[in-house]
Peer 1: 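Quick one: the structure is below, questions incoming.
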Amino acid sequence: MALFSCSSTNAALLLLTFSLIITSNNYVVSGGNYFEDFDISWGEGRGKILENGDFLTLSLDNYSGSGFQSKKEYLFGKIDMQLKLVPGNSAGTVTAFYLSSGGGLKHDEIDFEFLGNVSGEPYTVHTNVYTQGKGDREQQFHLWFDPTTDFHTYSLLWSPQTILFSVDNTPLREFKNLENKGVPFPKNQPMKLYSSIWNADQWATRGGLIKTDWTQAPFIASYRNFNADDACVASGGDAAAYCASAAATKRRSSPWWLSEKLGPRYEAKLRWVQRNYMIYNYCTDAKRFPQGFPVECYNN
Ligand SMILES: *[C@@H]1O[C@H](CO)[C@@H](O)[C@H](O)[C@H]1NC(C)=O
Ligand SMILES: *[C@@H]1O[C@H](CO)[C@@H](O)[C@H](O)[C@H]1NC(C)=O
């Protein structure tokens, strides 16, 4: 993974859409089982599945980090994970939670990365979207809570129309499907869910300013209540067509996430986050784009 590197009917429908987004968080508690859903993929014992599969921890020390990946591949849907990030002095550590179609020049990827900080200073939430191998779409945020004292729900909603990053049901970022404007959108390649913790003190601390304090190791991130009940599991050759079709729903009579659109209240929340908590936006970084900003910057 590369790093930096209205009519009343309409109003009722919007309200319904919004309440579906809200209620969808309620069954997070029924969470998946980590033994069934994931493989610890690296880290020689530093990744552990505990409590009969209800709980998972990843650990980083001066020899190695660790990571896990989903057994299944998904194509569209909503994926929730509850995380408690490394507490204390976590500067130099990066914990990532992302969907990726895998290696390859034309890969798609939707990234959440959490950059640790010295005690008492805020984590940075780094987001990016790769389509057909092209990223360079970083947006960064601070959070309105301390992500190290409790579990919080981090969600990726991926539909044929949009990609939505949210935290505790508050949207941070939307990446709309702008294929009609010539921007590729991920919709044909299934993705696995990955998570890992590693040392990035070369870059994560404002260009390596602060080094990881190994006397604080091991650095541990904790996970519970994975939920992909509303995601389409891709299997077989025709996954893209199947997962975009009405037949793909598992638990509802219609796959609500296929037609996901933000309601006005949700859009207001998104603007609130962007106004108050966004600390970096590639779409305003003129130095990076002397030839003009990417097309999606004008339409998102
Ligand atoms: C890693 O940390 C341990 C415990 O602090 C220390 O004994 C060891 O020398 C360190 N190893 C490396 C490669 O820095
Ligand atoms: C660490 O905290 C400082 C001070 O609040 C902030 O400027 C910086 O962006 C934070 N660094 C990371 C990596 O989150």
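Just so it is clear, the values below take in all heavy atoms, side chains as well, and ignore hydrogens, waters and symmetry mates. Each ligand, and each atom within it, is numbered from 1 in the order the structure gives.
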Peer 1: I'd like to know whether Asp150 forms a salt bridge (Lys or Arg N to Asp or Glu O under 4.0 Å) with Lys84, so could you lay out the CA-CA distance, the side-chain angles of the two residues, the decisive distance to 0.1 Å, and finally the verdict.
Peer 2: CA-CA 6 Å; Asp150 267 311; Lys84 187 158 83 173; over 6 Å; no
Peer 1: Are there over 12 heavy-atom neighbours, none belonging to Lys71, within less than 6.0 Å of that residue's NZ?
Peer 2: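 Enclosed: over 12 neighbouring heavy atoms sit under 6.0 Å from NZ of Lys71.
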Peer 1: Starting from atom 14 (O) of ligand 2, find the nearest protein heavy-atom neighbour and note its residue, name and distance.
Peer 2: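 For this ligand atom, the closest protein heavy atom is Thr124 OG1, 2.6 Å.
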Peer 1: For Asn52, I'd like to know if atom CG has over 12 heavy atoms of other residues, nucleotides or ligands within 6.0 Å.
Peer 2: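 Counting neighbours around CG of Asn52, 12 or fewer heavy atoms of other residues, nucleotides or ligands fall under 6.0 Å, so no.
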Peer 1: Would you mind telling me if ligand 2 is within reach of the side chain of Ala91, the backbone, both or neither, using heavy atoms under 4.0 Å?
Peer 2: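 No part of Ala91 is near ligand 2 at this cut-off.
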Peer 1: Closer than 4.0 angstrom: is that true for some heavy atom of Gly116 and an atom of ligand 2?
Peer 2: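 True for this residue.
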Peer 1: Taking distance alone, with no angle check, do Pro122 and ligand 2 share an N/O pair under 3.5 Å?
Peer 2: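 Yes, Pro122 has an N/O under 3.5 Å of an N/O on ligand 2.
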Peer 1: What is the nearest protein non-hydrogen atom to atom 4 (C) of ligand 2, stated with its residue, atom name and distance?
Peer 2: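 The answer is Glu121 OE1, 3.3 Å.
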Peer 1: What orientation do Tyr154 and Phe145 show, parallel under 30°, tilted 30 to 60°, or perpendicular over 60°?
Peer 2: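 Aromatic pair Tyr154/Phe145 classed tilted.
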Peer 1: Measure from the ring center of Tyr98 to the ring center of Tyr194 and say whether it is less than 6.0 Å.
Peer 2: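 Aromatic pair counts; centres sit under 6.0 Å.
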Peer 1: At under 4.0 Å between heavy atoms, is it the side chain or the backbone of Asn117 that contacts ligand 2, or both, or neither?
Peer 2: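 The answer is the side chain of Asn117.
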Peer 1: Identify the closest protein heavy atom to atom 13 (C) of ligand 2: which residue and atom is it, and at what distance?
Peer 2: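 The closest one turns out to be Ala204 O, 3.2 Å.
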Peer 1: Parallel, tilted or perpendicular for Phe185 and Phe175, by the 30°/60° rule?
Peer 2: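 Judged by the thresholds at 30° and 60°, the geometry between Phe185 and Phe175 is parallel.
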